[in-house]
Amino acid sequence: MDFRVLALSLLLWLCPLWVSANDQLDLDALTEQVYQYPTKAFAQITALEKLQETDKYNDINRLRLSMLKCQSLLQLGENEAAINLAQLGEASAKQLKLDQARPYFLNCQADANLNYDNIQEALPLLDSAITLARRYQQPQALIDALRLRGQLDTNTDNFSSAIEDLRIAIDIYPDINSQTQNWVWPPQAYIYAAMGNLLHATNDFPQAMYYTRLALKSEDAKGKVRHVLLRNAARIALDNGERDYSDQLEKQAKTLLPEIGSPLELAYSYAILASIALDKGKIDTAEEYISIAMNTFKQQNQRVAMMRSTRLLAQVRFAQHRDDAALTLMDSAIEQAEVLRQYSDLKWFYGILSDYYQTHGNYKLAYEFVQKRFDAAEQANESMNNTRILQFKARLNQQGLQQLNDDEQQHHNVSLLSELNVDWAYSTLFLVAMGLLGGAIWYFIDKQNNRAPTSDTTSPDLPPLEQLELTLHSAKQGAYPLSLLLFNASQIRQVDLPPLLEKLQDKLREQDTLLRYSIDDIVIVLPYTSAVGAQKVVSQITPTIQMWQGTHKVNIGIAVMQQFDTLDSLVKRASINQLGKLKVSDPQSDYSPAK
């Protein structure tokens, strides 16, 4: 009888756990469908929302369902609805004290703003998402934020920053399975595709095709995801001189057009296919596709897309030798770009007209449009610089607010302690105070006499990153050199890392700091060390690392501190130095600088 009662109790305890695990698996499958089959996923999410009031759906599942809905709205082109839902979702996460969920809603909101070309709103959101994702150890959110920021930097020609973000996203993608609570994550195929687009933008077409093929081979390259990959691959293959392969990819992309359930997303696909057809000389096909796209953009008031489609239609008219109609369309596109302040597009539009007038011998007008193109480029750069300056100031303000909160908390603790004091008799208080004052004076004098005269001591109670920040601050105050070494340990087995770090620590000085900065990046901070000294340290530790790394070549980045440096900027410059060494050491190989 006792055994049956025990078994029944155990069954009742396990059932909720099984249901919870089963729910998570169901939502995991729905996460993939959001990107691959967004229309079907949105219908399932709508049906599941009706069950939210049941015991089956707790706060976490409700919040996750809201995340999935936000992503599905993005995939369907409903950007305004996605922004509203993301703002509500982040507020709910704060209210429920589930701060680890906030970066996912920030990513959704940033993605929607990027679709509107609203970089000023998107950049701070992405920075906040990355900060929160690192703080709460959410690799799923971190990967998506790095992907979006990498795409943004690619579009604004900030290639060094883009390649760093995308390389990290590729390296840590396997860590999405390490979270105990899954939320939402992008397909791996999209990460590879973003890297392929970056390398395509830098005219490295072979490496762009390499990453595009990796994307197409990914297990999650299905449905809409595969269609997006195929249409982008058709463009890259054409620019790489693979015309036949481009035709095959374009044909496959067209067969998957029915997978696009949203009219707006379908219009974007037709616009991209129209640009490919135009470059292949298929003028009639390009005109047909761009006309379909423009009808949808006009109906849904997509002003930026309409502007770019007008430019593409003008190029079709130029190809048809209908110059008057083409010039009228270009004037319309320029007018729209000026109203929308799309200076990067204006630069492109003026370039088209400059080339046109040059080929027709009208050098005066060609020169005027060259001047306008230069002015538009300056305005585009100024706008981006202002955005990044505002972003940097926002980070400083955030750090200042954090410091202010810490000071207020300290003041509150002091006030609380003073309220708890007991009103002793004046005579006793006087005697005790005098005794304590005398003891304190003696203690501090003795401590001052015994203190070692070091200028860069750090408290062992501080977290490692704060110790490094304090070391940098001491180096700036003392005006002595400081160098930072960075190497990637991705080729070293995780079980071998602790003994390797012990070996390296033995080769360093007592004041040097060895820190695992991220999952794969190891940082060594060398106070009182110039660039020459840092290079000597690299020569000393390279054989030790090589023993554990095997046949892979050891590559260590070096950065010497400048007065304006922070820890993040110092690590970034060391990473760029590391990537530069890779490119110089093996320029002819099939190795990509982002791998």
Side-chain angles (χ1 to χ4, degrees), residues 75-79 114-117 155 197 200-201 224 226-239 243 246-340 342 344-356 359 369:
Q75 299 304 313
L76 295 172
E78 301 293 339
N79 297 304
L114 287 177
N115 292 336
Y116 283 139
D117 291 298
N155 294 335
N197 291 336
H200 177 250
K224 178 191 171 182
R226 188 164 189 82
H227 168 75
V228 172
L229 298 176
L230 287 168
R231 77 187 187 197
N232 291 345
R235 159 61 62 191
I236 297 173
L238 179 63
D239 293 340
R243 175 65 181 262
S246 177
D247 290 340
Q248 295 176 16
L249 293 169
E250 183 184 356
K251 184 178 180 181
Q252 293 177 41
K254 290 177 182 178
T255 60
L256 290 175
L257 280 171
E259 302 290 352
I260 312 300
S262 163
L264 184 58
E265 290 297 298
L266 193 61
Y268 281 117
S269 290
Y270 273 117
I272 293 173
L273 292 173
S275 69
I276 296 173
L278 178 62
D279 288 347
K280 290 181 178 179
K282 301 176 181 178
I283 310 302
D284 294 338
T285 303
E287 182 180 13
E288 178 187 354
Y289 287 165
I290 197 61
S291 298
I292 295 172
M294 291 180 71
N295 288 334
T296 303
F297 292 147
K298 186 176 181 179
Q299 291 174 3
Q300 302 206 14
N301 195 28
Q302 298 295 313
R303 300 170 67 190
V304 174
M306 191 67 186
M307 171 197 70
R308 292 169 182 168
S309 299
T310 303
R311 182 270 309 165
L312 185 57
L313 183 58
Q315 290 180 296
V316 171
R317 294 289 181 255
F318 277 131
Q320 294 172 336
H321 305 293
R322 298 167 58 182
D323 292 358
D324 292 339
L327 292 173
T328 301
L329 288 168
M330 285 302 304
D331 289 340
S332 176
I334 289 172
E335 183 180 353
Q336 295 173 56
E338 289 174 344
V339 171
L340 297 171
Q342 296 292 322
S344 297
D345 290 287
L346 267 177
K347 177 179 64 175
W348 192 6
F349 298 167
Y350 288 140
I352 293 173
L353 290 178
S354 174
D355 293 340
Y356 169 78
T359 56
F369 280 107

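We're numbering straight along the sequence, starting at 1.
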side-chain contact (heavy atoms from CB on, under 4.5 Å) assessment of Leu327 paired with Leu353: CA-CA 8 Å; Leu327 292 173; Leu353 290 178; 3.7 Å; yes

Check: Lys224 side chain, Gln75 main-chain N or O, donor-acceptor pair, under 3.5 Å: yes

Test item: Gln336 and Phe349 side chains (from C-beta on) under 4.5 Å apart, heavy atoms: no

Result of checking Phe318, Phe369, Tyr350 against Tyr356 for ring pair (Phe, Tyr, Trp, His ring centres under 6.0 Å): Phe318

Donor-acceptor side-chain pairing of Thr285 and Lys280 below 3.5 angstrom: no

Full working for side-chain contact (heavy atoms from CB on, under 4.5 Å) between Arg243 and Leu238: CA-CA 5 Å; Arg243 175 65 181 262; Leu238 179 63; 3.9 Å; yes

Exercise: do Ser246 and Glu250 side chains pair donor with acceptor under 3.5 Å: no

Within-4.5 Å side-chain heavy-atom neighbours: Leu266 and Tyr270: yes

Sidechain N-carboxylate O distance under 4.0 Å for Arg235, Asp239: yes

Evaluation steps, side-chain contact (heavy atoms from CB on, under 4.5 Å), between Leu76 and Leu264: CA-CA 7 Å; Leu76 295 172; Leu264 184 58; over 6 Å; no

Stepwise side-chain contact (heavy atoms from CB on, under 4.5 Å) test for Arg308 and Trp348: CA-CA 10 Å; Arg308 292 169 182 168; Trp348 192 6; over 6 Å; no

Qualifying residue, where the test is side chain to side chain contact (heavy atoms under 4.5 Å, CB included) with Phe297 and the options are Arg303, Met307, Met306: Met306

Interatomic spacing from CG in Leu257 to CD in Glu265 - rounded to 0.5 Å: 12.0 Å

Taking every non-hydrogen atom, the tightest pair across His227 and Ser269: NE2-OG, 2.8 Å

Side chain to side chain contact (heavy atoms under 4.5 Å, CB included) partner of Leu230, the single match among Gln252, Gln248, Lys254: Gln252

Min side-chain heavy-atom separation Ile236-Asn197 under 4.5 Å: yes

Any Met330 side-chain heavy atom under 4.5 Å of Gln315 side chain: no

Main-chain N/O of Ile276 paired with Arg231 side-chain donor or acceptor, under 3.5 Å: no

Intermediate values then yes/no, salt bridge (Lys or Arg N to Asp or Glu O under 4.0 Å), Lys251 and Asp247: CA-CA 6 Å; Lys251 184 178 180 181; Asp247 290 340; over 6 Å; no

Taking every non-hydrogen atom, the tightest pair across Ala293 and Ala267: CB-O, 3.3 Å

Neighbour count above 12 (heavy atom, 6.0 Å) for Glu335 CD: no

Side chains of Val304 and Asn115 in contact at under 4.5 Å (non-hydrogen atoms): no

Pairwise side-chain contact, Tyr268 with Gln302, heavy-atom cut-off 4.5 Å (strictly under): yes

